[in-house]
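Taking it in order: structure first as structure tokens, then the write-up.
Since the structure is predicted, the reported quantities are computational estimates derived from the model, not experimental observations.
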Amino acid sequence: MGLTYQSTQNNAMTDLYRIEREEGQHVIALAGNPNTGKSTVFNALTGLHQHTGNWPGKTVVNARGEFTQDGKENILVDLPGTYSLFASSLEEEVARDFICFGNADAVIVVTDATCLERNLNLAFQVMELTDKMVLCINLIDEARKKKIQIDAEGIEKELGVPVVLCAARSGIGIDKLKETAVKVAAGEIIPVPKHVKYEEAVEEVIDRLLPSMKEGESTVPKRWLALRLLDGDDKLLSAMSSHMGGLLPEDISYTDMGEGLSDKRVLRDQISETIYGRIEEIKEKYIREEGQMNERDKKIDNIITSRRFGIPIMLLTLAVVFWITITGANIPSSLLADFLFAIEDRLTALFQYFHAPVWLHGVLILGLYRTLAWVVSVMLPPMAIFFPLFTLLEDLGFLPRVAFNMDHLFKKACAHGKQCLTMIMGFGCNAAGIISCRIIESPRERMIAILTNNFVPCNGRFPTLIAISSVFLISFGGNRLGILPALAVTAMIVIGIGVTLLVSFLLSKTVLKGIPSTFTLELPPYRVPKIGRVLYTSMIDRSVFVLKRAVTVAAPAGALIWVLANIHIGNASILGHMVDFFDPFGRLIGLDGYILMAFILGLPANEIVLPILLMAYMATGSMAEYDSLESLRTILVNHNWTYLTALNTMLFSLLHWPCATTLLTIKKETGSVKWTVVSALLPTAIAILVCLITTGLYRIAGMLF
């Protein structure tokens with residue numbers, strides 16, 4: 001049987017990946033390896049005319065944008081970053097299938113000028129799928145700094161496709177890239193790709209397979225299909241068969257493909273060797289480098305990624321980031337609180353002027369607005385410092401090296417190496433960390449990453465950790481420089497990472513048994529960060545997004561809490577009855593009923609745990625204010641807080657159940673109520689166990705000493 005349009009079911013796939021367009025619009029796909037600056041190219045081409053979603057039926061993010069060229073609007077589709085079109089991850093599947101079955105008029109392949117030879121493999125693969133390709137050699141400014149010279153015209157003649165040199169961060173070459181891509185899409189430039197010629201035995205089998213594939217309306221080149229029959233693994237062929245209705249012609253078997261070609265692994269290696277041999281030829285002819293800058297990067301990496309220094313440097317860097325955050329956030333947080341609570345006084349006067357009911361003033365001002373003011377004043381200053389510093393480390397190329405250092409620890413825990421990347425995302429927001437688990441191909445390992453992401457503190461828990469550590473280590477210890485609190489928060493992160501590794505190991509040996517997968521982590525070159533991009537990414541994409549989410553959840557919760565604190569049953573409020581109910585168990589684990597009640601009512605957003613706690617302690621029936629660390633310390637000490645209470649509150653905050661937003665995200669990502677419940681109960685059980693252990697040790701030490 002042959003491959004025809006009907007038998008391959010291309011209608012279904014075309015519908016799945018078809019991009020709606022207006023008449024005269026061109027659809028252009030953007031492909032490339034991770035860390036090539038592909039997202040920067042996308043942003044430079046589209047500006048603010050972009051939006052994101054998910055591919056139909058997929059959990060892979062779909063980024064689309066528009067750009068104008070010669071007065072006409074064009075659509076740009078950002079494909080998932082991928083090293084190859086032939087592996088089995090969901091991202092690579094989406095990239096491959098869109099190029100195969102989508103309605104793209106051209107494909108831009110973005111490569112990194114500082115390591116072009118590593119990126120050209122994907123370019124050769126795309127050239128076998130479509131003639132309408134443009135090669136974008138990005139980061140040309142970084143290449144020049146490293147004394148790397150690239151002959152773009154020579155590479156263009158060698159490949160047979162247009163080549164454009166770019167530095168997307170600086171806007172260099174972007175106009176030419178737009179013009180070239182649109183001309184290729186419109187047919188004004190007709191590329192003639194020079195495909196790789198393989199060994200004679202391989203070419204003979206390809207020639208033998210081609211006649212068995214009947215001509216039809218399929219957009220997939222027959223030569224590419226023949227190569228996939230030869231070198232594709234079973235998983236790839238199964239995936240393509242499900243999309244295309246059966247790839248392998250019935251009259252072809254691997255036993256009659258010729259001597260030495262029946263072993264698909266050997267054949268795949270031969271094809272890869274031929275491609276990389278071709279890439280090496282291009283490098284020798286058209287790329288010149290002095291190598292001094294590359295040697296410098298290697299020397300730096302020998303220290304930062306070494307087993308002896310890598311982890312200590314990572315911890316020291318985190319401690320410095322937290323020290324800057326803690327010491328730098330105090331003054332702006334105080335000023336912001338003064339401003340917002342001054343507005344509260346004006347609003348109160350306004351309610352009194354209109355003779356508004358007391359309960360309405362309580363719900364809207366003492367409950368809703370005061371919660372809103374608290375969350376903004378406590379969260380925004382630390383985020384405005386922490387996120388830019390975190391983004392700065394990301395732009396420098398430091399965070400991928402942190403992931404590299406953590407990779408061998410996750411392998412020892414029988415978890416996927418990419419879990420360290422999802423863990424790092426969790427520092428900003430655990431919900432974002434859960435979504436980032438999509439990059440893990442194995443469902444088993446993805447589930448382990450989802451269940452353990454909560455053990456690293458998100459931005460909502462940092463205010464509690466920072467405030468408590470500051471009160472008990474600055475006010476009590478006399479250390480006004482904020483070094484001890486920074487070390488304490490860093491220690492919490494180390495504990496969180498340790499618990500993540502331990503729980504991942506236990507899950508992989510019990511309910512989620514399996515062998516850890518391997519993956520390739522490419523270390524990007526060190527780059528000078530763009531301050532404008534850092535500020536935009538950290539303040540707009542991260543800080544404002546997280547703050548908006550917190551405010552949306554916390555403000556209504558504040559109104560509800562005011563109601564609970566002001567409705568009395570007998571001699572106590574509903575809030576008071578809740579405290580009495582939780583107090584025995586709270587004291588058993590080194591806390592109290594107020595603290596447990598605050599964590600439970602703080603389920604909508606971790607940011608409001610501390611305000612709820614102070615409101616209950618002061619018995620004001622409204623969200624409490626505090627104007628200094630000394631006043632906060634006085635409130636806590638008057639309610640019998642000790643170093644044990646502070647330690648266990650920080651540990652419980654670190655390890656307890658995820659917030660409501662994260663739980664909803666887990667339900668959406670797993671599609672399972674069971675695993676969502678497990679993701680809430682597992683960390684809670686661990687938090688209780690850890691607090692029981694610390695309380696037991698503290699009491700034993702008290703009896704002995």
Side-chain angles (χ1 to χ4, degrees), residues 341 344 347-348 351-352 354-375 378 460 464 468 550-626 631-632 634-641 645 648-649 652-653 656-661 663 677 680-681 684-685 687-688 691 695:
F341 285 113
E344 178 191 322
L347 291 173
T348 297
F351 270 68
Q352 292 173 347
F354 286 106
H355 303 288
V358 174
W359 66 266
L360 184 63
H361 172 262
V363 172
L364 295 182
I365 304 302
L366 300 182
L368 190 148
Y369 179 81
R370 185 169 285 188
T371 304
L372 177 68
W374 180 285
V375 170
V378 170
T464 300
I468 294 175
V551 165
T552 302
V553 176
L560 174 62
I561 292 163
W562 185 91
V563 172
L564 294 176
N566 285 273
I567 295 179
H568 287 69
I569 300 176
N571 295 325
S573 66
I574 296 177
L575 209 60
H577 285 294
M578 293 175 66
V579 168
D580 293 339
F581 177 78
F582 291 119
D583 195 63
F585 183 74
R587 296 194 179 279
L588 177 66
I589 61 174
L591 304 174
D592 63 27
Y594 290 97
I595 299 171
L596 281 183
M597 180 271 305
F599 277 111
I600 292 171
L601 294 181
L603 175 66
N606 289 308
E607 298 82 4
I608 62 174
V609 169
L610 193 56
I612 294 172
L613 178 61
L614 295 182
M615 177 188 70
Y617 274 158
M618 297 179 70
T620 59
S622 61
M623 194 70 72
E625 303 176 50
Y626 73 90
S631 61
L632 176 59
T634 301
I635 295 170
L636 298 180
V637 172
N638 286 344
H639 285 82
N640 302 315
W641 272 52
T645 315
N648 280 359
T649 302
F652 199 84
S653 177
H656 78 295
W657 57 81
C659 70
T661 303
L663 288 172
V677 172
L681 295 181
T684 303
I688 292 172
C691 288
T695 303

So, do [X] and [Y] sit near enough that their side-chain heavy atoms are less than 4.5 Å apart?
X: V609; Y: F652; answer: no
X: F582; Y: I600; answer: yes
X: H639; Y: T645; answer: no
X: V563; Y: W359; answer: no
X: L663; Y: W657; answer: no
X: E344; Y: F341; answer: yes
X: N648; Y: I595; answer: no
X: F599; Y: L613; answer: no

Drop me the distance from [X]'s [atom1] to [Y]'s [atom2], to the nearest 0.5 angstrom.
X: I574; Y: I569; atom1: CD1; atom2: CD1; result: 4.5 Å
X: L366; Y: F351; atom1: CG; atom2: CZ; result: 9.5 Å
X: H568; Y: H577; atom1: NE2; atom2: NE2; result: 8.5 Å
X: S573; Y: N566; atom1: OG; atom2: CG; result: 7.5 Å
X: D580; Y: L575; atom1: CG; atom2: CG; result: 10.5 Å

_Derivation and outcome, side-chain contact (heavy atoms from CB on, under 4.5 Å), residues F354 and L360_ = CA-CA 12 Å; F354 286 106; L360 184 63; over 6 Å; no

For [X] and [Y], work out which heavy atoms get closest and say how close.
X: A660; Y: P604; answer: CB-CA, 4.0 Å
X: C691; Y: I589; answer: CB-O, 3.4 Å
X: D592; Y: D583; answer: CB-OD1, 3.7 Å

*asked:* Within the supplied structure, the quantity of interest is the number of heavy atoms (other residues, nucleotides, ligands) at a distance under 6.0 Å from N571 CG; does it exceed 12?
replied: no

*asked:* Among N606, L596, I688, which residue satisfies the side-chain contact (heavy atoms from CB on, under 4.5 Å) criterion with H656?
replied: N606

